[in-house]
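Source: prediction; values computed, not measured. Below, each value reflects all heavy atoms present in this structure, side chains not excepted, and no hydrogens, waters or symmetry copies. Each chain gets a letter, A, B and so on, in the order its sequence line appears, and its residues count up from 1.
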Amino acid sequence: MAFTAESVLQGLTAPQRQAAETIDGPLLVLAGAGSGKTRTITRRVAYMIANGIPAWNILAITFTNKAAKEMKERIDHLLQGAGRMGRGVIVATFHSLGARIVREYADVVGLPKTFTIFDSADQARLVKQALKDLSLSPDNFQPAAVLHAISGAKNKLQSPAAFTQAAGGFFEKNVGRVYTRYEALLRENKAVDFDDLLLKTALILRDNADARAALQERHQYILIDEYQDTNHAQFVIAHMLAMNHKNICATGDPDQSIYGWRGANLNNILEFEQFFPNAKVVLLEQNYRSTKVILQAASALIARNTKRKKKDLWTENEAGPRIVILQTNDEHQEAAEIVRRLKEHHDKQGLAWDKMAIFYRVNSLSRVLEDALMKAAVPYQIARGTEFYGRKEVKDVLAYLRVIANPDDSVSFGRIMNVPPRGLGDTSVTRLEAFAGERGISMLAACGLADQIEGLLPRASVACKKLAELFGQWRAAAMPAAPTVLEDGSLAPSQRDAVAPANDDPLYDPAFDQVLADSEEYVPDMPDEMAPPTVADAAPPVPAATAAPVLEGGIRGLMERIVRESGLDAAAKKDEDADHERSANIAELITVAAEFDTQNPGGTLQSYLEQVTLISDVDKLQDSGGAVTLMTLHAAKGLEFPFVAVVGMEDGLIPHARAIGFATSPDELEEERRLAFVGITRAMKHLILSYARYRMIRGQTERTIASQFFQEMPDECFEEIDLTAQEEGLGSVGYRDEASYARRAQQTRAAAVPERTADTATGAEYRAGMLVRHPQFGMGRIADVTPAGAMTRVVVQFQGGAGRKTLILQYARLERVDT
DNA sequence: GCAGCCTTGTTTTTT
DNA sequence: ACAAGGCTGC
């Protein structure tokens, strides 16, 4: 078949075709679950190329690396079949795109090109350090909460100054101080965090006309998938890129927005037409994935939401079997029964293992399932790609690499300074830190000058010098072309504090402005991954990549050398009996690095580190692994399986306790409903929704009640299997007990309160109206109590700046104030 | 300086 | 239940 504009549209339905044909101007594709969205957009890209649009001018943004890789493959496949190459199409995630743009325009934001990307663990470390520097207690300012606030600010493009200015209460004011210090620490380490990849990209595009123009020309046709899950920073990036050529296609489904907690703004998609006037809107409502029964239940559920664009999903598929609602005594019985049913389908119907999946709300539920699968000898894979990179020994090796790539990364250096033990204990580290702080140099640099440090033991001094020397050698081998950032005076921290002219823009950040001023002589170069391929009939629009440092022996060779020369392998071997997995994990890391070398010949150390840092849980999943797939509901987005089981369909899990509370926003409950909707609509034919009457949560067995979402789906979709022994007393709180649902829920919750003495709060002794004292927020009055055993929540109206807060009683350390 | 024990806390979900 | 961080004893 000839490769023509017409041929690539073959087989599309009318609305799909309409979407694929609209390549100029803004386009919104509202694609219902299972409506053939991926098919449509890959064809759309092929259609563009068939119409003569250079592949490298097309940018497709996906949600995960895995989705990016798959889309690339599908496009390649479409174009190769027609004798053309589509390799030049850039497919990236917002974060990987951000990493490349920030790398390319690093000097515009005052960073060396070798900057490090900090992961969540590094971020937590930095926040703790910032709290310490400001003498704020981590008890009153939980690092996770502070980090969340900082992340929220960054997603809204708020600089520390702007955030502090807008801060209302006591807590926020202090978060503002922490944010300021946190940013300074990032800069000292020449590092960025995940949010910075978006924020800095947005700022580069917004504030640097040259960069904006260049990037607009490079990315003339933009396609953004999962648009419902974009946050403000991503929105700004999209707008800045598209504002000139206006060829932007957003695809998504408001009903599948499940990342509100991460700053995703549903309005980005709901109000697309206001942001992009004259936008064409295409609705894909026909579902090709699921049976009528599954679709009916899902549609009924999602219809309860108010924040949505109404869509009527329909299908020509068969009615299919009813959805199984499985009730069991506990999570062990639940897991065993689900595995039994999977096995039955495998053995009797010949359904392959990789056609089945089990979803859960929280990762902690996976353990019991794993046990049951293992016991039944059922092969399974679990979407936890990041877990491997979270292991201590793996992080240690990567920390060495990060210091080699960026010697200013003192967070990584601090991590491995004494790993394996080389006689540098707390005292020596403190001395070194003080010395480095005084001189404004990195920890590694301080190590090199160890003999100048007063009070440092000779033994420690020798160890320091030796370590610094090792890093010198490694750097020379790995970064031949790289200038030593240590000697690069233009990036001195003092630059940050320079006084900038007044500006009343609330988003204005003086530090950013300062670095902009230095960006005149910037000459863009193309990161190699983004460089367009050489195509015979058209020249790439930008010069080829500048020579990257060639790494002898690849990442693998470097890694092997480090592991050997640092003494890591000796240390791992030494206590092999205690922890035999350690050497194995390091070996595995080296194997994966070797794969990277093969796939990315000439790949730089930065590109390797970038890839492992930006990896996501689903990225490692294999399509044809011949294994049952286990993952969270969040990770399941975008996937489909003939057989799906969703476990833990209980109030408190789905919807999660965080979202049920009386005082929490209805928006959160809607997001939980969307999450359930996503889970259900992953199923093509068979679906099990299960709940257990008792479930062990954090070591405590808790009585549960069925998810309230069961009430929202029609009974005729269900077949109920009840494996609980009908016992005396409470009876079973099933999904059907609508009339007495609320009353029973209360009873069950009250009965579920574990045995505790009066001094541990369970809610019984707290009532609305009572005066209480909180160690952090001070005096307040209880507005509401929601009894739920260990999860009992109280809403307290605090006096002073703290305002109204919902607290988990068990953790809140509330104190009654008797009047 | 370091290993092992004990206390403490634990807001899902993730790039 | 489980992990991380602090403390104690060598």
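- Residue Arg262(A) places its side chain closer to dT15(B) than to any other of dT12(B), dT15(B), dT13(B).
- Distances shown here put every side-chain N or O of Asn231(A) at or beyond 4.0 Å from the OP1 or OP2 atom of dT15(B).
- When heavy atoms are screened at a 4.0 angstrom cut-off, Thr64(A) is found touching no nucleic acid atom at all.
- At least one donor-acceptor pair closer than 3.5 Å links the side chain of Glu670(A) to the backbone N or O of Lys307(A).
- Atom CZ in Phe141(A) sits roughly 18 Å away from atom P in dT11(B) (whole-Å rounding).
- As rounded to whole Å, 10 Å separates atom P of dT14(B) from atom CG of Leu675(A).
- Projected onto DNA chain B by closest heavy-atom contact, Leu457(A) and Leu653(A) fall at different nucleotides, the more 5' of which corresponds to Leu457(A).
- In terms of position along DNA chain B, the nucleotide closest to Ala144(A) lies nearer the 5' end than the nucleotide closest to the other residue of the pair Ala144(A) and Ser120(A).
- Distance, Leu199(A) CG to dT15(B) C1': 15 Å, rounded to whole Å.
- Ring-base stacking between Trp261(A) and dT13(B) is satisfied, the centre separation being under 5.5 Å and the plane angle under 30°.
- Proximity note for Val362(A) (side chain, C-beta onward) versus dT12(B), dC2(B), dT14(B): the nearest is dT12(B).
- Glu454(A) and Arg431(A) are not joined by a salt bridge, as no carboxylate oxygen comes within less than 4.0 angstrom of a charged side-chain nitrogen.
- Considering only side-chain atoms of Arg698(A), the nucleotide from dT14(B), dT10(B), dC2(C) that sits closest is dT10(B).
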May I have the list of side-chain donor-acceptor pairs in residues 118-127 of chain A shorter than 3.5 Å, sequence neighbours left out?
{"unit_1": "Asp119(A)", "atom_1": "OD1", "unit_2": "Ala121(A)", "atom_2": "N", "d": "3.0"}
{"unit_1": "Asp119(A)", "atom_1": "OD1", "unit_2": "Asp122(A)", "atom_2": "N", "d": "2.9"}
{"unit_1": "Asp122(A)", "atom_1": "OD1", "unit_2": "Arg402(A)", "atom_2": "NH2", "d": "3.1"}
{"unit_1": "Asp122(A)", "atom_1": "OD2", "unit_2": "Asp119(A)", "atom_2": "N", "d": "3.0"}
{"unit_1": "Asp122(A)", "atom_1": "OD2", "unit_2": "Arg402(A)", "atom_2": "NH1", "d": "3.3"}
{"unit_1": "Asp122(A)", "atom_1": "OD2", "unit_2": "Arg402(A)", "atom_2": "NH2", "d": "2.6"}

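- Rounded to an integer number of Å, the gap from Asp229(A) CG to dT15(B) P is 12 Å.
- Rounded to a whole Å, the CD atom of Gln142(A) is 9 Å from the C1' atom of dG9(B).
- The listed nucleotides are dT14(B), dA1(C), dT15(B); the one nearest the side chain of His95(A) is dT15(B).
- A straight line from CD of Glu668(A) to P of dT11(B) spans 15 Å, rounded to a whole angstrom.
- Distances shown here put every side-chain N or O of Ser616(A) at or beyond 4.0 Å from the OP1 or OP2 atom of dT14(B).
- Comparing dC2(C), dG1(B), dT13(B) by their nearest atom to the side chain of Arg459(A) picks out dG1(B).
- You'll find that the side chain of Asn418(A) is closest to dC2(B), out of dC2(B), dG1(B), dT10(B).
- Residues passing the salt bridge (charged side-chain N to carboxylate O under 4.0 Å, His left out) test with Asp195(A), sequence neighbours excluded: none.
- A distance of about 24 Å separates the C1' atoms of dT11(B) and dG6(C), rounded to the whole Å.
- For dT12(B), the base is stacked against the aromatic ring of His656(A), per a cut-off of 5.5 Å between centres and 30° between planes.
- Using modelled atom types, one side-chain atom of Glu672(A) and one backbone atom of His656(A) make a donor-acceptor pair closer than 3.5 Å.
- Annotation: side chain to side chain donor-acceptor pair (under 3.5 Å) contacts of Glu331(A) (sequence neighbours excluded): none.
- For Gln333(A), the side chain to side chain contact (heavy atoms under 4.5 Å, CB included) partners are Thr328(A), Asn329(A), Asp330(A), Leu723(A), not counting sequence neighbours.
- Applying the 4.0 Å criterion to OP1 and OP2 of dG1(B), one finds that Thr427(A) has a side-chain N or O inside that range.
- What separates CG of Leu424(A) from P of dC2(B) is a distance of 8 Å, to the nearest Å.
- Evaluation of the side chain to side chain donor-acceptor pair (under 3.5 Å) test over residues 250-264 of chain A, restricted to residues two or more places apart or in two chains, returns Asp225(A)-Thr251(A), Asp253(A)-Gln256(A), Asp253(A)-Lys311(A), Asp255(A)-Arg308(A), Asp255(A)-Lys311(A), Gln256(A)-Arg682(A), Trp261(A)-His634(A).
- Distance, Asp119(A) CG to dT15(B) P: 12 Å, rounded to whole Å.
- Phosphate proximity of dT15(B) to Asn65(A): absent, as no side-chain N or O sits under 4.0 Å from OP1 or OP2.
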- A correct 5'-to-3' footprint of nucleotides 4-10 of chain C, with B, S and - meaning base, sugar-phosphate only and no protein heavy atom under 4.0 Å, is -S-----
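- A distance-only check finds a donor-acceptor pair linking the side chain of Asp409(A) to the backbone of Ser412(A) [under 3.5 Å].
- Picking from dT14(B), dG1(B), dT15(B) the nucleotide with the shortest atom distance to the side chain of Ser428(A) gives dG1(B).
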